[in-house]
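Both backbone and side-chain heavy atoms feed into the values below; hydrogens, waters and symmetry mates do not. We name chains A, B, ... by the order of the sequence lines, and we start the count at 1 in each one.
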2 protein chains.
Amino acid sequence: MATSIIDVAKRAEVSTATVSRALRGLPNVSAATRERVLRAAEELSYSVSPHASSLASGRTGTVGVVVPFVNRWFYSQVLAGVDSVLRAHDLDLLLYNLGDERVHERFFTRMPLRRRVDALIVLNLPLSAAESEALVSMEVPIAVLGGSIPGCWHVSIDNQEGASTAVRHLINLGHRRIGMITAAPGDPRGFTTPIVRQHAYRTVLAQAGIAYDPDLEVPGHLSIDEGASAMAQLLSLAEPPTAVFAESDQMAFGALRTLGRMGLSAPDDVSVIGFDDHETAELLDLTTIAQPVAHQGELLARQILDALSGGDEEPTQVVVPTRLVVRGTTGAAREHPPRYHSTPRPGPEPDQHSTTAR
Amino acid sequence: MATSIIDVAKRAEVSTATVSRALRGLPNVSAATRERVLRAAEELSYSVSPHASSLASGRTGTVGVVVPFVNRWFYSQVLAGVDSVLRAHDLDLLLYNLGDERVHERFFTRMPLRRRVDALIVLNLPLSAAESEALVSMEVPIAVLGGSIPGCWHVSIDNQEGASTAVRHLINLGHRRIGMITAAPGDPRGFTTPIVRQHAYRTVLAQAGIAYDPDLEVPGHLSIDEGASAMAQLLSLAEPPTAVFAESDQMAFGALRTLGRMGLSAPDDVSVIGFDDHETAELLDLTTIAQPVAHQGELLARQILDALSGGDEEPTQVVVPTRLVVRGTTGAAREHPPRYHSTPRPGPEPDQHSTTAR
DNA sequence: CGGCGCGTTGTAAACGTGTGCATGAGAACA
DNA sequence: TGTTCTCATGCACACGTTTACAACGCGCCG
C-alpha cells in the first residue's frame, strides 16, 4: 500500500496541506472540501503514516509504560486500567517490562524510550536517585504509581491508613500478640511502601499499649513461598502470635498454606489478614485490605492526559482509599490461646500437603 | 535536546551518512572513523530519532501484540514471555488490549497498527474470517497463539492430547461417571479450543465403553463463578458425577468453591481436574494439565524473529506438549459412591462460605 | 467605491534519518 | 608504470507528514 497523502490530494483535487487539515478535523476547512477529502481517503483506503506524522509534528501519540513484572496480578491489573483510558483517547501503549535485573540496567543505560514517547507511566518501580533523574531528563510528563519523583504526577494508596486499619481490626478482635510478615526493603533504592506499613503496625500496637516484640516481625519477599516460611518462623516462636498481618495477599496465601500443612487453620488457631484483595483472596476467604487496582491505572492515564492536553498545570498527587474486607480468616481471639501441636491434627490424609477446600 | 545526526557529523568531521553507518555498525567504515563518531555521539549524548529512522528505512523496530485480556493470568504470562525475547533483540512492544467488545470493533475498523509495526503477535483472539483477513492484509509476519490463520506462524498446545490425558486420568482412578465443565463457544468466531477438548472428552469416554450422557456436560464462561455454578448444576443431577474435568483451572477453582460451600470435598466426594496449571492451582492443590505458558510467548517471539530476519522461510507451526500434574483433588473412585447431602457436614462454622485451608 | 478582515487554500520548508550512486585513494597485479 | 579492484567516504535525494506563511476571494463597513 504505497498510498500516501499525495495520492489523496490528487484525487480530491486539493493540496496535501488541505488533506492533512481535513483528516485531522482542523476547523479552517470548508465542509465541502472536507467531505471530498474524506471520500478520497476512504476510496484509497488511506491511513496516515504515524512515523512521518511524528517526525513532522514532534508528537508521537504514544506513552511508555514501565512495569517491574507484567505477569504479576497487581501490575497486569493496573496495566489494564491504564490501557483502557489511553485506548479511549487513541494513544498507543509501549510496554517495558523490567523484571530482570539486566534488562533494568540496560534500560537505563540505553534509554530506548527517548524521543519515542510523549509521556511515561512508571508502575511501582524501585528506582535509584540517578535512575529517577534519567527519567526526568527525558523531559516528558511522568506519572508514578506508589513512588515519589520530584516534578512528577503521583498516584498511590494510603498505606499508613490501610496498614493501621488491618492491625486495628486484629486488635478489635481481642488479639494482643500480633505478628507481621513484612516485605523487607532489601533494596537500596527508594521503595517506601513496606517501611510505611511496618511503621503503621508498630504505631498502632503502641497506641494500644502492646509492647513491641521484634521477633514478631518477619521479613521476606513478596511471594507465596516467602510468606509460607515467614509463617513457619512465627509459629516456631516460644510464644507464637494469635494473629498475623501479612504485607500482601500473596504472602498471606503462603501463610495459610503453612497453617494447613501444620494442621492448623485460620481463624481458629491463628487469624490472618492480607493486603491487596488479590483475585484469589475471595476464593481462599482471606480477610484483607482492598485497594482499587485497575482504578489506579486509570487515574495514572488520566493524569497523563491532563499533562498532555492541559498546558502547564502543576502535577497532582492523588491518594486513593483502601477498604477493609472482612472474610473468614480473621476471628475473635480465644480466652486461652491454643497450644500449638508439632504434629498435624487428625484428618483424612494427614500427611498430604494440601490447603484445598475439604 | 535538539541534537541531531548533523551535530554528530560536524563534531566528528564526517558526513551524516558515515555517522549513520558507524552508529549502526555497518561493515564498511574504518575503525578510526567509527571510534571518532562513537565518541562524538557519546559526548553529545545523542540518540537517533526512531521516527525519522523508521520513515527513512521503512522498518519500525516494533511488533504489535494483540491480547484479549492483559489482566488475566494466562495472557500476562504469555506476554512476559514475548517481552523477554523481543526485548533481548531490541524490538519494541506495542500492546493492544481488546477485552472490551467496542475496543475490539474499533480496532478492526481503524486498524491503528497499519504501518506502525513490523510484525504482529495475536494471542488467542477469537476472530471472524473478515477480521483475520484484515490482519493478513497488513502484509507483515503474524504469529498466532491457539488459533489458525492461513499463511501465519502458529504456536499452540495439543488440546486433544491434554484433554484426553485428563479424562484418562480420571478413568484410571476408577471413575465411570465423569462430568465436564466446558467453555461453551458462544461466539460465532473461530475459537476451536473448547470444541477440541470436548471432543476428546467424549472420545475417551467412548473408548472406555462409558455411555455418553449430555447432562454431564455443563457449559459456562471461563471464570470462577461460572465454574462454581456449573458444578452446582452437576451436583444437582439425579445421579451426580464422581469426577469432573474442568476446561480451565479458573473454572475448577469455582467448582472447588461450590464443593466447599456444600460441605463436600475433593477428592473424597468428587475428584476434580483442571487445565492450565494456573499459579494458584498449586495453592489449592488442584490436579491439572499443565501447559508451558511463558514458553509459548517466547516461541511466538522467536517465530517473529525468524520471519523478520530470515528472508522468506515458510511459516512454521509448533505444538508444545502438555503435562499431567497430579495433586490432591483427584483420587480413586469409591466402591460405593457417596450419597450427596443437601446440608453441610458438621464443622466449626457450618454456614461460613469458605474454601480456606482448615 | 476602497479598504479591511475573515475564512479557505496553496506553497514550500522543515522534521531526522537511510541509502543508491559517485568519487577518490590506495593496493594488488600484470 | 598503467590498469583494475576494493574499501572508505561524501553527495543528494527520498521517506510522508505538519505547519508557518502567503495568497486569494469575498462580504462588510466607512
Query - Integer-rounded Å distance: C/dG10 P and A/Ile5 CD1 - result: 12 Å
Report task. Check every strand shown and say whether B/Val14 touches a base, only sugar-phosphate, or nothing at a heavy-atom separation below 4.0 Å. Result -> sugar-phosphate
Query raised in the report: Over how many whole Å does the gap from B/Arg116 atom CZ to D/dT17 atom C1' extend?
Result: 14 Å
Query raised in the report: Looking only at side-chain N and O atoms, does B/Ser20 come under 4.0 Å of OP1 or OP2 in C/dG18?
Result: yes
Query raised in the report: Under 3.5 Å, is there a donor-acceptor pair linking the side chains of B/Thr3 and B/Arg11?
Result: no
Query - Stretch residues 23-34 of chain A: residues that reach within less than 4.0 Å of DNA chain C through a heavy atom - result: A/Asn28, A/Val29, A/Ser30, A/Thr33
Query - With sequence neighbours excluded, residues passing salt bridge (Lys or Arg N to Asp or Glu O under 4.0 Å) with B/Glu133 - result: none
Report task. Can you run through DNA chain D from 5' to 3' and write each base as (, ), [, ], | or . depending on how it pairs? Watson-Crick or G-U wobble, both distances under 3.5 Å. Result -> ||||||||||||||||||||||||||||||
Requested in this report: Could you name each residue pair satisfying salt bridge (Lys or Arg N to Asp or Glu O under 4.0 Å) that touches residues 49-73 of chain A, not counting sequence neighbours?
Outcome: none
Report summary line: Between CD of A/Glu35 and C1' of C/dT8 the distance, given in whole Å, is 17 Å
Report summary line: The side chain to side chain contact (heavy atoms under 4.5 Å, CB included) partners of A/Ala294 (sequence neighbours excluded) come to none
**Report entry** Donor-acceptor pair under 3.5 Å, A/Arg21 side chain vs C/dG10 base
**Finding:** yes
Requested in this report: Please list residues of residues 47-55 of chain A whose heavy atoms come under 4.0 Å from any atom in DNA chain C, ordered by number; otherwise none.
Outcome: A/Leu55
Query raised in the report: Got a sec, which residues hit salt bridge (Lys or Arg N to Asp or Glu O under 4.0 Å) with B/Arg24, two or more places apart in sequence or on another chain?
Result: none
Query raised in the report: Would you say B/Arg36 reaches D/dT9's phosphate, i.e. side-chain N/O to OP1/OP2 under 4.0 Å?
Result: no
Requested in this report: With rounding to the nearest 0.5 Å, note down the distance linking OG in A/Ser49 to CZ in B/Arg116.
Outcome: 9.5 Å
Query raised in the report: What integer distance in Å separates A/Glu13:CD from C/dG10:C1'?
Result: 15 Å
Query raised in the report: Taking CG from A/Asp7 and P from D/dC15, how many angstroms apart are they, rounded to a whole number?
Result: 11 Å
Query raised in the report: Tell me, which pairs form a ring-ring contact (aromatic ring centres under 6.0 Å, His included) where one or both residues lie in residues 38-68 of chain A, sequence neighbours left out?
Result: A/His51-B/His51
Query - A/Ala12: partners by side chain to side chain contact (heavy atoms under 4.5 Å, CB included), with sequence neighbours left out - result: A/Val14, A/Val37, A/Ala40
**Report entry** Phosphate-side-chain proximity, A/Thr18 and C/dG10, N/O vs OP1/OP2 below 4.0 Å
**Finding:** yes
Requested in this report: Calculate the interatomic distance between B/Arg59 atom CZ and D/dC15 atom P; express it in whole Å.
Outcome: 15 Å
Requested in this report: Check salt bridge (Lys or Arg N to Asp or Glu O under 4.0 Å) between B/Arg87 and all other residues, then give those that pass, not counting sequence neighbours.
Outcome: B/Asp83, B/Asp92
Query raised in the report: Tell me the ring-ring contact (aromatic ring centres under 6.0 Å, His included) pairs involving residues 15-45 of chain A, sequence neighbours left out?
Result: none
**Report entry** Sequence-distant partners of B/Asn71, side chain to side chain contact (heavy atoms under 4.5 Å, CB included), two or more places apart
**Finding:** A/Ser76, A/Gln77, A/Ala80, B/Phe69
Report summary line: Contacts of B/Ser15 and B/Ser57 projected onto DNA chain D by closest heavy atom; the upstream (5') one is B/Ser15
